[in-house]
Amino acid sequence: HSLAAYESWQDIRFVTVLSGNVLLGAALSFLLFLCTLVNSPVTTLIVGNAKAIVTTALGFVLFGEIRLTSIGLLGVIINTFGGVLYSLAKHHESFVVQVASEYCPVPQ
């Protein structure tokens with residue numbers, strides 16, 4: 001099957017939604033790059049993990065008919081805990097590097 005032969009290319013609603021998704025994806029990528037450029041990568045990581053937590057919580061609230069099993073809940077908890085722990089470790093690492101560079105300057 002060929003992508004060009006896909007029959008929904010003729011449907012204006014499909015093309016509109018697809019184009020909107022492509023534009024939103026490009027905007028998201030650009031804004032993530034801009035966030036990393038303006039802030040630090042650690043800040044971008046922490047904001048990304050916070051967004052993931054909020055997105056997961058909203059998903060459970062908005063799509064209430066989803067049955068969450070105990071193993072699924074354990075997976076969400078481990079994933080969230082791991083993301084938070086990694087963010088804290090990276091934040092601590094960047095703080096130590098910043099403090100070390102202030103008090104122990106490298107001779108040039």
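When reading the values below, keep in mind they use all heavy atoms of this one structure, side chains included, and skip hydrogens, waters and symmetry mates.
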Quiz item: Does atom CZ of F14 have more than 12 heavy-atom neighbours from other groups under 6.0 Å away?
Solution: yes
Practice problem: Assess whether atom CG of L74 is packed by more than 12 heavy atoms of other residues, nucleotides or ligands within 6.0 Å. | Solution: yes
Quiz prompt | V76 side chain near T56 side chain, heavy-atom distance below 4.5 Å | solution = yes
Quiz item: For the atom pair CG (L18) and CG (L23), what is the distance rounded to the nearest 0.5 Å?
Solution: 9.5 Å
Quiz item: Minimum heavy-atom separation for V15 to S8, with atom names?
Solution: CG2-O, 4.4 Å
Quiz item: Is the backbone of S40 close enough, under 3.5 Å, to the side chain of T44 for a donor and an acceptor to pair up by distance?
Solution: yes
Quiz item: Tell me, do L73 and F60 make a side-chain contact under 4.5 Å, heavy atoms counted?
Solution: no
Practice problem: Could you grab the distance from atom CG of N39 to atom CG of L34, nearest 0.5 Å is fine? | Solution: 8.5 Å
Exercise. Answer whether the closest heavy-atom distance between the side chains of N21 and V17 falls below 4.5 Å.
Key: yes
Quiz item: Between atom CG of L31 and atom OG1 of T36, what is the distance when rounded to the nearest 0.5 Å?
Solution: 10.5 Å
Exercise. Measure across L45 and S87 and return the closest heavy-atom pair with its distance rounded to 0.1 Å.
Key: CG-OG, 3.7 Å
Practice problem: Starting at CD1 of I78, measure out to CG of L85 and round the result to the nearest 0.5 Å. | Solution: 12.5 Å
Quiz prompt | Between CG on residue N49 and OG1 on residue T80, distance to nearest 0.5 Å | solution = 8.5 Å
Practice problem: Report yes or no: does N79 contribute a side-chain atom to a donor-acceptor pair with the main-chain N or O of G75 at less than 3.5 Å? | Solution: no
